[in-house]
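Worksheet: the structure to be examined is printed underneath.
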Number of protein chains: 2
Amino acid sequence: MEGSAPRRTRIQQEKRELILEAALEVFSTNGFRGSTIDQIAEAAGMSKPNLLYYFRRKEDIHETLMERLLATWLAPLRELDDIGDPLTELRSYIRRKLEMARDFPRESRLFANEILQGAPRIMPLLEGELKTLVDEKATVIRGWMRAGKIARTDPWHLIFSIWATTQHYADFDVQVRAVLGPNRGGDGRFEDAARFLEHLFIDGLKPKG
Amino acid sequence: MEGSAPRRTRIQQEKRELILEAALEVFSTNGFRGSTIDQIAEAAGMSKPNLLYYFRRKEDIHETLMERLLATWLAPLRELDDIGDPLTELRSYIRRKLEMARDFPRESRLFANEILQGAPRIMPLLEGELKTLVDEKATVIRGWMRAGKIARTDPWHLIFSIWATTQHYADFDVQVRAVLGPNRGGDGRFEDAARFLEHLFIDGLKPKG
DNA sequence: GCAAATTTTGACCGATTGGACAAACGTTAG
DNA sequence: CTAACGTTTGTCCAATCGGTCAAAATTTGC
């Protein structure tokens with residue numbers, strides 16, 4: 001049993017990174033089936049056979065991309081901890097997720113594409129690792145509710161709503177900017193969103209007094 | 001100048017409907033480029049050349065589908081009116097949107113696919129009709145805020161958050177069910193979601209008292 | 001019932017696609 | 001220098017794709 005991790009030369013390391021970066025760009029805007037190896041090769045500045053020297057199949061690129069993505073994607077949720085004030089903890093989770101939508105929109109869209117198509121390649125992961133993690137955090141949140149630290153609602157749907165509202169600014173960015181127009185849709189839109197989401201999740205819409 | 005609407009036989013009416021229904025199914029799960037005419041033809045129970053007799057190009061099917069979609073998709077927002085209690089009005093808008101996610105998930109996914117890919121075919125509509133409608137409703141909502149009927153926040157981002165949270169249950173349905181598991185993820189998930197969203201949007205997470 | 005119009009099909013085409021392959025090119029260790 | 005190894009490319013292939021076309025089958029108007 002040789003090492004299951006293939007040893008790689010310096011050039012292989014670099015070129016593989018180059019390809020993954022290019023593939024992220026192409027896959028996230030065209031979807032898996034909508035993207036061609038030629039497109040990715042051109043974006044990576046190399047010929048198609050050369051690309052196929054580093055990744056034997058188109059699917060291998062996508063698979064590698066998804067593996068990396070999921071690791072970083074769930075990091076904010078993992079950080080959600082039982083230490084500190086619950087409301088503050090949730091607030092900063094929302095803020096972190098929104099920052100990820102701002103800083104890694106391509107990763108978000110890649111993930112959205114995969115789920116939209118029925119998650120054919122990562123279904124086991126959703127039912128396994130992801131479900132376990134969410135269940136775990138739901139228990140933490142439920143604890144806060146029982147302790148009277150936050151209002152009593154459904155912890156799972158709370159997590160869904162945080163995912164939905166934050167990822168919306170990456171996945172539906174085109175629509176958001178089209179609707180907001182050039183003024184409100186400029187660089188400040190993420191700060192506006194952060195302010196709004198904080199208000200929504202903490203206070204809701206009921207008027208004061 | 002003959003009538004711009006081509007006159008159609010009974011068979012044409014029926015077959016076109018059949019094709020659009022099949023295309024909705026195929027496009028919404030595979031995206032435009034990921035879907036083939038053969039797939040749609042098979043789903044519609046006819047041969048490829050026969051399908052092409054009714055729609056000359058693959059794009060024509062998609063275009064017809066998008067036109068119909070947008071009309072019904074924005075109906076709930078159009079109904080958002082200045083009559084009646086603001087909080088009730090918003091509550092029922094959220095409920096209607098969630099019902100649409102439940103009853104027309106394929107339409108939601110078709111739209112999501114289009115936006116994800118940069119909305120190449122409906123960008124003018126987003127910047128035109130959609131923006132106008134949202135701006136108009138944002139003004140209504142702003143009026144409610146000034147009148148002290150609901151809390152003061154950003155009306156545009158409020159609308160985004162309603163879209164995001166409700167459509168999430170159509171677009172990310174696979175993930176939602178995977179995370180909730182067989183028990184909580186059954187048919188009751190939409191009622192749980194409705195209850196949660198009402199609580200979130202009205203009261204937020206801050207504990208009572 | 002029959003001719004005209006409509007609908008359906010099998011066969012076909014050029015373009016694009018994912019991928020194979022061997023030859024050429026470059027690099028590196030002895 | 002040179003042999004071994006790693007990298008790059010041009011060429012090719014089979015499969016799939018969107019779409020055409022003429023002929024066959026069916027429906028419709030009279």
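Here is the naming used below: chain letters follow the sequence lines, and residue numbers restart at 1 for every chain.
- Spacing between atom CG of A/Leu51 and atom C1' of D/dG6 amounts to 17 Å, rounded to whole angstrom units.
- Between B/Lys15 and the phosphate of C/dT8, there is a side-chain N or O to OP1/OP2 separation shorter than 4.0 Å.
- Between A/Asp38 atom CG and C/dG18 atom C1' the separation is 9 Å, expressed in whole Å.
- Between B/Phe172 and B/His168, the two ring planes are parallel [angle under 30°; tilted spans 30° to 60°].
- Picking from C/dG19, D/dT9, D/dT7 the nucleotide with the shortest atom distance to the side chain of A/Ser47 gives D/dT9.
- When the P atom of D/dT7 is taken as reference, atom CG of A/Leu18 falls 14 Å away, rounded to whole Å.
- Distance A/His62 NE2 to C/dG19 C1': 19 Å, rounded to the nearest Å.
- If you check every strand for non-hydrogen atoms under 4.0 Å, B/Ile37 touches sugar and phosphate atoms only.
- Using cut-offs of 30° and 60° on the angle between ring planes, the pair A/Phe111 and A/Trp73 is tilted.
- For the pair A/Leu52 CG and C/dA22 P, the computed distance is 16 Å after rounding to whole Å.
- Comparing D/dT11, C/dG19, D/dC17 by their nearest atom to the side chain of A/Pro49 picks out D/dT11.
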I would like to know whether A/Arg184 and A/Glu191 meet salt bridge (charged side-chain N to carboxylate O under 4.0 Å, His left out); could you show each step before the answer? CA-CA 11 Å; A/Arg184 318 185 101 267; A/Glu191 282 140 46; over 6 Å; no
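- Using a 4.0 Å heavy-atom criterion, one finds that B/Phe55 contacts no nucleic acid atom at all.
- Between the base of D/dG18 and the side chain of B/Lys48 there is a donor-acceptor pair shorter than 3.5 Å.
- Between the CG atom of A/Leu130 and the CG atom of A/Asp135 there is a distance of 9.0 Å, given to the nearest 0.5 Å.
- The side chain of B/Lys58 approaches D/dG18 more closely than any other nucleotide in the set D/dG18, D/dT11, C/dG18.
- Checking C/dT8, D/dT7, D/dC17 against every side-chain atom of A/Arg33, the shortest atom distance belongs to D/dC17.
- For A/Arg56 and C/dC21, the CZ to P distance is 10 Å, given to the nearest whole Å.
- A close approach under 4.0 Å does not occur between any side-chain nitrogen or oxygen of B/Arg57 and OP1 or OP2 of D/dT20.
- Here D/dG18 presents its C1' atom at 11 Å from CD1 of B/Ile40, a figure rounded to the nearest Å.
- Taking only side-chain nitrogens and oxygens, A/Tyr53 never comes nearer than 4.0 Å to OP1 or OP2 of D/dT8.
- When the C1' atom of D/dG18 is taken as reference, atom CD1 of B/Ile61 falls 11 Å away, rounded to whole Å.
- Contact between the side-chain N/O atoms of B/Asn50 and the OP1/OP2 oxygens of C/dT7 is not found at any separation under 4.0 Å.
- Between the side chains of B/Trp144 and B/Asp82, at least one donor-acceptor pair of N or O atoms lies under 3.5 Å.
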